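In what follows, a single structure is set out as structure tokens and then discussed.
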Amino acid sequence: MKEISNAELNVLNVLWQKSPISASEVVAQLSKNNDWHEKTVKTLLNRLVKKQAIGFEKQGRSYLYYPLIAQSDYQLKESESFIERLFSGRVAPLVAGFARENKLSAKDVEELQQLIDTWQEENKS
């Protein structure tokens, strides 16, 4: 998968929420938080098509866009890349840093504990 910029990710997030949708619907969604011109959004859509991150189908005189990559797959790829680059592939230092800075909520800790418990259960000898 080719590198996706932050601006392109904003477009993908819209498509992950609802698709297929037209370029004008993407523009409308993005205009709530950005002051991007319609031409900018269409450029981003075209870039994502070229990167094979999204597809489209022609419907009448317009195009409907939809993601070709799942949000969970993208998140996993980016998470692994981030952890590899900054923590030599180790997750523990990342979590420890959040814990030290009190950035983990009780819910985060509970979810992490459930993940660890499940992992331990599945990996018993």
Side-chain angles (χ1 to χ4, degrees):
M1 180 183 328
K2 292 188 179 180
E3 192 71 28
I4 293 174
S5 71
N6 288 337
E8 293 165 343
L9 183 56
N10 285 334
V11 173
L12 258 177
N13 281 325
V14 170
L15 295 174
W16 281 326
Q17 290 173 15
K18 180 185 175 191
S19 65
I21 61 173
S22 68
S24 60
E25 289 175 290
V26 175
V27 170
Q29 284 294 322
L30 290 173
S31 68
K32 294 176 183 175
N33 299 322
N34 302 299
D35 57 348
W36 291 347
H37 190 271
E38 181 178 354
K39 188 174 180 179
T40 301
V41 174
K42 288 183 177 180
T43 298
L44 293 170
L45 286 166
N46 286 329
R47 285 185 193 163
L48 288 167
V49 168
K50 286 179 185 171
K51 292 179 179 184
Q52 298 179 333
I54 66 172
F56 65 90
E57 57 188 48
K58 189 167 171 91
Q59 187 175 43
R61 296 184 67 191
S62 63
Y63 294 93
L64 298 179
Y65 295 90
Y66 53 89
L68 294 175
I69 54 175
Q71 186 174 19
S72 59
D73 292 342
Y74 179 77
Q75 289 170 333
L76 180 61
K77 177 193 143 315
E78 287 298 309
S79 298
E80 288 173 344
S81 173
F82 174 78
I83 290 168
E84 187 61 42
R85 284 182 289 121
L86 291 171
F87 299 101
S88 301
R90 297 190 58 234
V91 175
L94 172 67
V95 176
F98 281 110
R100 267 193 308 276
E101 298 297 321
N102 295 316
K103 301 287 185 191
L104 295 176
S105 68
K107 184 177 182 194
D108 291 331
V109 173
E110 183 181 324
E111 288 176 10
L112 287 167
Q113 187 61 56
Q114 287 175 351
L115 290 169
I116 291 167
D117 292 346
T118 300
W119 181 88
Q120 286 177 327
E121 190 63 35
E122 290 173 353
N123 291 287
K124 281 186 177 177
S125 301

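These numbers were taken from a predicted model, which means no experiment stands behind them.
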The side chain to side chain contact (heavy atoms under 4.5 Å, CB included) partners of Ser31 (sequence neighbours excluded) come to none
According to side-chain hydrogen bond (donor to acceptor under 3.5 Å, both in side chains), who are the partners of Glu122, at least two apart in sequence or on a separate chain? none
Enter the distance from Asn46:CG to Lys39:NZ here, rounded to the nearest 0.5 Å. 11.5 Å
Val14 reachable from Leu64 in the ILVMFWY side-chain graph, under 4.5 Å edges: no
Provide the closest heavy-atom pair for Ala53 versus Leu12 in the form atom of the first, atom of the second, distance. O-CD2, 4.2 Å
With Asn33, which residues qualify under side-chain hydrogen bond (donor to acceptor under 3.5 Å, both in side chains), at least two apart? none
Near Gln71 CD, under 6.0 Å, is it more than 12 heavy atoms from other residues, nucleotides or ligands? yes
Of all pairs that satisfy ring-ring contact (aromatic ring centres under 6.0 Å, His included), the ones with a partner from residues 42-63, not counting sequence neighbours: Phe56-Tyr63
Heavy-atom neighbours of Asp117 CG exceed 12 at 6.0 Å: yes
Asn34 versus Val41: any side-chain heavy-atom pair under 4.5 Å? no
Quiz: residues 81-92 side-chain donor-acceptor pairs under 3.5 angstrom, not counting sequence neighbours:
unit_1: Ser81; atom_1: OG; unit_2: Arg85; atom_2: NE; d: 3.3
unit_1: Arg85; atom_1: NE; unit_2: Ser81; atom_2: O; d: 3.4

Can you name the closest pair of heavy atoms from Leu45 and Ile54 and give their distance? O-CD1, 3.5 Å
Output all residues satisfying salt bridge (charged side-chain N to carboxylate O under 4.0 Å, His left out) with Glu38, sequence neighbours left out; order by chain, then residue number. Lys42
Give a yes or no on whether the backbone of Trp119 and the side-chain of Asn123 come within a donor-acceptor separation of less than 3.5 Å. yes
Taking side chain to side chain contact (heavy atoms under 4.5 Å, CB included) as the test, write out the residues that go with Gln114, two or more places apart. Glu110
Residues which pass side chain to side chain contact (heavy atoms under 4.5 Å, CB included) with Ser105, listed by chain and number, not counting sequence neighbours: Lys107, Asp108
Heavy-atom donor-acceptor pair, Glu8 side chain to Ser5 backbone, under 3.5 Å: yes
CG of Leu48 to NZ of Lys2: how many Å apart, nearest 0.5 Å? 11.5 Å
Do Val109 and Leu94 sit in one hydrophobic cluster, given that two such residues count as connected whenever their side-chain heavy atoms are within less than 4.5 Å of each other, even indirectly? yes
Between Gln17 and Asn13, is any side-chain donor less than 3.5 angstrom from a side-chain acceptor? no
Each residue besides Leu68 in its hydrophobic cluster should be listed here, by chain and number; the cluster joins Ile, Leu, Val, Met, Phe, Trp and Tyr at side-chain heavy-atom distances under 4.5 Å. Tyr66
Please identify each residue that fulfils side-chain hydrogen bond (donor to acceptor under 3.5 Å, both in side chains) with Gln29, with sequence neighbours left out. none
Output all residues satisfying side-chain hydrogen bond (donor to acceptor under 3.5 Å, both in side chains) with Thr40, sequence neighbours left out; order by chain, then residue number. none
Sequence neighbours excluded, every pair satisfying ring-ring contact (aromatic ring centres under 6.0 Å, His included) that has a member inside residues 2-37: Trp16-Tyr74
Given salt bridge (charged side-chain N to carboxylate O under 4.0 Å, His left out), test Lys124 with Glu121 step by step and report yes or no. CA-CA 6 Å; Lys124 281 186 177 177; Glu121 190 63 35; 3.4 Å; yes
Spell out, as yes or no, whether a donor-acceptor pair under 3.5 Å connects the side chain of Glu25 to the backbone of Ser22. yes
Between the side chains of Gln59 and Ser62, does any donor sit under 3.5 Å from an acceptor? no
Looking only at heavy atoms, what is the nearest atom pair of Leu30 and Asn10, with distance? CD2-O, 3.7 Å
